[in-house]
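For reference, the structure is listed below as structure tokens.
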Amino acid sequence: MFYSSTRDQSIKLTASEAVLKGLSDDGGLFIPSEFPKLSVSLDELAGLDYKESAYVVMKGFLDDYTEEELRNCIDRAYDSKFDTEEIAPLVEAEGAYYLELFHGSTIAFKDMALSILPHLLTTAVKKNKSDKEVVILTATSGDTGKAALAGFAGVPGTRIIVFFPKDGVSNVQKLQMVTQKESNTLVVGVDGNFDDCQSEVKAIFTDAELREKMAANGFQFSSANSMNIGRLVPQVAYYVYAYGKLVKGGRIQPGDEINVCVPTGNFGNILAAFFAYKMGLPIKTFICASNDNKVLFDFFKTGVYDKNREFILTDSPSMDILISSNLERLIYLSCGSDAEKNKALMSDLSKNGKYEVSDDMKDFMKSFVGEYADWAMASSKIKKLYENTGYVIDTHTAVAAASYDKYVEETGDKTVTVIASTASPFKFSRSVLTAIDPKYAEGEDFELIDVLTKTANVDIPNAIEEIRTAPVVHKTTCSRAEMKDIVLKNMGL
Ligand SMILES: *Cc1c(COP(=O)(O)O)cnc(C)c1O
């Protein structure tokens with residue numbers, strides 16, 4: 001098995017080379033030449049803990065890592081940084097199963113992959129005898145930034161630069177990032193939205209002249225965004241784990257199909273579920289939930305991807321995205337792994353902001369269903385779920401939960417469904433509390449956190465306590481046009 005680019009079939013890299021590179025020089029994403037099958041039966045999944053589930057998934061995709069290397073990475077990632085031994089608890093509420101992916105050190109699901117990516121990457125550096133310092137370039141819609149900073153802070157041989165939309169993240173998200181202390185970190189607020197940050201990062205990545213200059217000076221780029229296969233693969237694990245949990249709890253029989261419902265932005269999390277399906281996990285429907293930026297909802301309805309529309313800032317900022325990078329991997333698979341075809345569509349996207357897929361490609365994607373929920377729907381879901389069960393969900397998870405309700409109403413499909421719960425409500429205390437009672441709209445951030453701990457009957461996570469009094473270290477802001485200079489300056493070039 002090898003990894004090729006979604007835009008150039010002639011590229012053949014090992015898994016560790018793909019992890020190290022992050023993004024292909026042609027701007028394409030790395031994709032495995034074949035999908036490994038689960039090496040244990042669906043019965044046996046019930047007996048696996050999180051680390052074992054992760055191993056079963058990762059050894060399939062990362063096949064040039066030795067067992068010892070992988071187990072070592074897994075042990076160092078999924079440890080006491082998580083505030084629950086289960087790592088990803090599955091909680092039933094009103095008939096749906098919430099897969100809580102926010103128990104890591106930065107309380108968003110990005111920790112599931114970013115607590116292991118630094119280990120996978122430093123292992124790849126050793127395996128490939130690379131002598132270059134790795135510069136992690138990251139665009140964030142709010143949560144990847146902090147999770148990547150936490151993962152790479154102080155890691156020898158790496159430095160990390162994070163660009164975030166300066167007016168497009170929550171206060172807590174921003175504070176989490178700009179208080180990062182370690183000297184190998186740089187955090188920059190960009191005057192623009194997430195798409196601006198991500199597009200410019202991609203442009204810097206694929207700048208051949210810059211790449212040569214960096215190599216001559218002992219540097220190389222890699223990516224902590226879900227464009228990196230080393231981020232996507234660890235995310236496959238929790239779907240496999242959740243299925244095992246459902247079997248173990250007697251909620252399904254081994255072999256039964258489940259649905260998954262995922263609050264989606266860059267299409268990484270839901271694509272990981274699709275990879276789990278390709279490994280043999282019985283998933284019937286992939287419910288792709290969007291907020292008001294519902295470009296994916298329209299795409300799955302019509303086959304036309306069209307980003308020419310207003311970019312809307314919402315209460316689920318990590319999903320405020322109009323260019324979903326990882327969709328490119330599904331597009332590539334849907335046209336029969338035809339890199340030329342995919343490349344033509346991606347070129348339409350960058351030239352005209354849109355493309356249309358063929359009927360065959362649409363047919364390939366028919367297990368994906370687009371849904372969306374605006375803030376009125378999502379906030380009333382938060383309120384209703386809290387009033388009926390006492391369970392409090394975050395604003396992103398609420399978009400998924402409200403979308404799921406719509407899906408059930410439209411289809412009557414009662415298949416057991418796992419909803420990806422992607423962030424702790426503490427990251428978005430104001431929006432969450434305001435959904436429950438409008439009187440909280442005004443309060444001060446940390447006061448609201450103290451209210452939420454009582455409301456939700458959940459302890460305040462460490463990640464929040466940490467930033468209460470932490471000094472702001474990173475104050476740089478810039479325009480999109482200045483991003484490249486900032487990167488160069490950081491390397492002293
Ligand atoms: C990143 C993020 C999402 C979107 O995930 P994608 O993999 O980009 O689709 C949803 N919710 C939260 C809380 C996030 O941080």
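Each ligand, and each atom within it, is numbered from 1 in the order the structure gives.
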Could you say whether the N/O atoms of [X] and ligand 1 ever approach to under 3.5 Å?
X      : value
Ala108 : no
Asp143 : yes
Gly268 : yes

Do Thr285 side-chain atoms and Ile287 backbone N/O form a donor-acceptor pair below 3.5 Å?
->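 Side chain of Thr285 to backbone of Ile287, a donor-acceptor pair under 3.5 Å: no, none is there.
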Derivation of the salt bridge (charged side-chain N to carboxylate O under 4.0 Å, His left out) call for Lys81 and Asp111 = CA-CA 10 Å; Lys81 289 191 287 301; Asp111 288 324; over 6 Å; no
Around Glu85, counting heavy atoms of other residues, nucleotides and ligands shown, do more than 12 lie under 6.0 Å from its CD?
-> no
Validation row: Gln235, Phe275 side chains within 4.5 angstrom (heavy atoms) |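 Result no, sub-4.5 Å side-chain heavy-atom pair not found.
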Out of Ile136, Leu20, Val201, Ile204, which one pairs with Phe221 under the side-chain contact (heavy atoms from CB on, under 4.5 Å) rule?
-> Ile204
Among protein heavy atoms, which sits nearest to [atom], and what does the distance come to when rounded to 0.1 Å?
atom                   : result
atom 4 (C) of ligand 1 : Gly265 N, 3.5 Å
atom 6 (P) of ligand 1 : Asn266 N, 3.5 Å
atom 1 (C) of ligand 1 : Lys110 NZ, 1.4 Å
atom 7 (O) of ligand 1 : Asn269 N, 2.9 Å

Could you tell me if any non-hydrogen atom of Pro263 lies under 4.0 Å from any atom of ligand 1?
-> yes
Is Asp450 paired with Arg468 through a side-chain N to carboxylate O contact shorter than 4.0 Å?
->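 Looking at Asp450 together with Arg468, the answer is yes, because their closest N to O distance falls below 4.0 Å.
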Do Tyr277 and Phe274 have their ring centres less than 6.0 Å from each other?
-> yes
Taking the six-membered ring for Trp, is the centroid-to-centroid distance between Tyr372 and Phe297 below 6.0 Å?
->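 Between Phe297 and Tyr372, which both carry aromatic rings, the centre distance is below 6.0 Å.
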Under 4.0 Å to a heavy atom of [X] - the qualifying atoms of ligand 1, by number:
X      : result
Ala423 : 13 (C)
Thr422 : 10 (C), 11 (N), 12 (C), 13 (C)
Thr264 : 9 (O)

Where does Phe109 meet ligand 1, judged by heavy-atom distances below 4.0 Å: at the side chain, the backbone, both, or neither?
->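 Answer for Phe109: side chain.
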